[in-house]
Amino acid sequence: QVHLVESGGGLVQAGGSLRLSCAASGAIFRTMGWYRQAPGKQRELVAQITSAGTTNYADSVKGRFTISRDNAKNAVYLQMNSLKPEDTAVYLCNSRTVFQDYWGQGTQVTVSS
């Protein structure tokens with residue numbers, strides 16, 4: 001059974017930093033990443049990383065966010081710097097096997113101006 005457990009969200013002032021963590025278990029994941037969903041908006045990709053370390057970022061977070069992965073721990077991290085109010089959203093961990101996508105429960109990130 002697959003489990004994804006996220007942590008690290010919270011409230012921060014604009015310009016601040018947060019680090020999200022996602023611990024996964026139950027499968028071997030080819031790609032791991034983070035999506036976000038703000039109220040009234042569609043879910044969007046923030047960043048993703050393959051098991052080989054290839055990364056992909058949304059244009060809106062390039063240069064501010066860094067995704068990393070620990071394959072031994074089946075964990076993925078998102079370091080978020082220079083946060084902006086428009087980064088406010090529920091952030092969801094996504095882990096992908098050959099056959100299926102798995103999602104965490106989400107963690108709230110709120111950036112105040």
Notebook entry, point to check: If Ile, Leu, Val, Met, Phe, Trp and Tyr residues are connected whenever their side-chain heavy atoms lie under 4.5 Å apart, and connections chain through other members, are Tyr91 and Val12 in the same group?
Noted result: yes
Note to self: Whether the side chain of Thr97 engages the backbone of Phe29 through a donor-acceptor N/O pair (distance < 3.5 Å, no angle test) should be reported.
What the structure shows: no
Note to self: Could you tell me if the side chain of Asn94 sits less than 4.5 Å from the side chain of Leu92, heavy atoms only?
What the structure shows: no
Next item on the list: Please name the pair of heavy atoms, one in Ser51 and one in Asn71, separated by the smallest distance, quoted to 0.1 Å.
Entry: O-ND2, 3.1 Å
Checklist line | side chain to side chain contact (heavy atoms under 4.5 Å, CB included) evaluation trace for Tyr77 with Ile67 | finding: CA-CA 6 Å; Tyr77 310 97; Ile67 191 168; over 6 Å; no
Next item on the list: Would you check if there is a donor-acceptor pair between the side chains of Thr110 and Gln108 at a distance under 3.5 Å?
Entry: yes
Notebook entry, point to check: Run the side chain to side chain contact (heavy atoms under 4.5 Å, CB included) check on Met32 and Arg69 step by step: do they pass?
Noted result: CA-CA 8 Å; Met32 300 182 78; Arg69 177 173 178 166; 3.6 Å; yes
Next item on the list: Start with the C-alpha distance between Arg36 and Ser60, add both sets of side-chain angles, then the distance that settles side chain to side chain contact (heavy atoms under 4.5 Å, CB included), and finish with yes or no.
Entry: CA-CA 12 Å; Arg36 67 186 180 188; Ser60 59; 3.4 Å; yes
Notebook entry, point to check: Taking atom CZ of Arg43 as the centre, does the number of heavy atoms from other residues, nucleotides or ligands within less than 6.0 Å exceed 12?
Noted result: yes
Checklist line | Nearest heavy atoms of Ala14 and Pro85, plus distance in Å | finding: CB-CD, 4.1 Å
Check: Do the ring centers of Trp34 and Phe65 come within less than 6.0 Å of each other?
Finding: no
Check: Do you know the tightest heavy-atom contact between Ser25 and Asn74?
Finding: CA-ND2, 4.4 Å
Notebook entry, point to check: Considering only heavy atoms from C-beta outward, does the side chain of Leu78 approach that of Arg19 to under 4.5 Å?
Noted result: no
Next item on the list: Any chance you could measure Glu86, atom CD, to Thr88, atom OG1, to the nearest 0.5 Å?
Entry: 8.5 Å
Next item on the list: Could you walk me through whether Leu45 and Asn56 pass the side chain to side chain contact (heavy atoms under 4.5 Å, CB included) test, one step at a time?
Entry: CA-CA 9 Å; Leu45 173 69; Asn56 180 39; 3.5 Å; yes
Check: Does Thr66 reach the side chain of Met80, with side-chain heavy atoms less than 4.5 Å apart?
Finding: no
Check: Are Val2 and Tyr35 co-members of a hydrophobic cluster defined by side-chain heavy atoms under 4.5 Å apart?
Finding: no
Next item on the list: Might you point out which heavy atoms bring Gly9 and Leu20 nearest each other, and give the distance in Å?
Entry: N-CD2, 3.6 Å
Next item on the list: Measure across Leu83 and Leu18 and return the closest heavy-atom pair with its distance rounded to 0.1 Å.
Entry: CD1-N, 3.8 Å
Check: Is it true that Val76 and Ile28 fall in one hydrophobic cluster, defined by side-chain heavy atoms closer than 4.5 Å?
Finding: no
Next item on the list: Apply salt bridge (charged side-chain N to carboxylate O under 4.0 Å, His left out) to Asp87 and Lys84, showing your working.
Entry: CA-CA 5 Å; Asp87 294 317; Lys84 305 175 181 180; over 6 Å; no
Note to self: As an exercise, state the distance from OG of Ser17 to CZ of Arg64, rounded to the nearest 0.5 Å.
What the structure shows: 10.5 Å
Checklist line | Residue pair Gln105 / Glu6, side-chain heavy-atom distance below 4.5 Å | finding: yes
Check: Any idea which heavy atoms bring Val61 and Val46 closest together, and the distance?
Finding: CG2-O, 3.6 Å
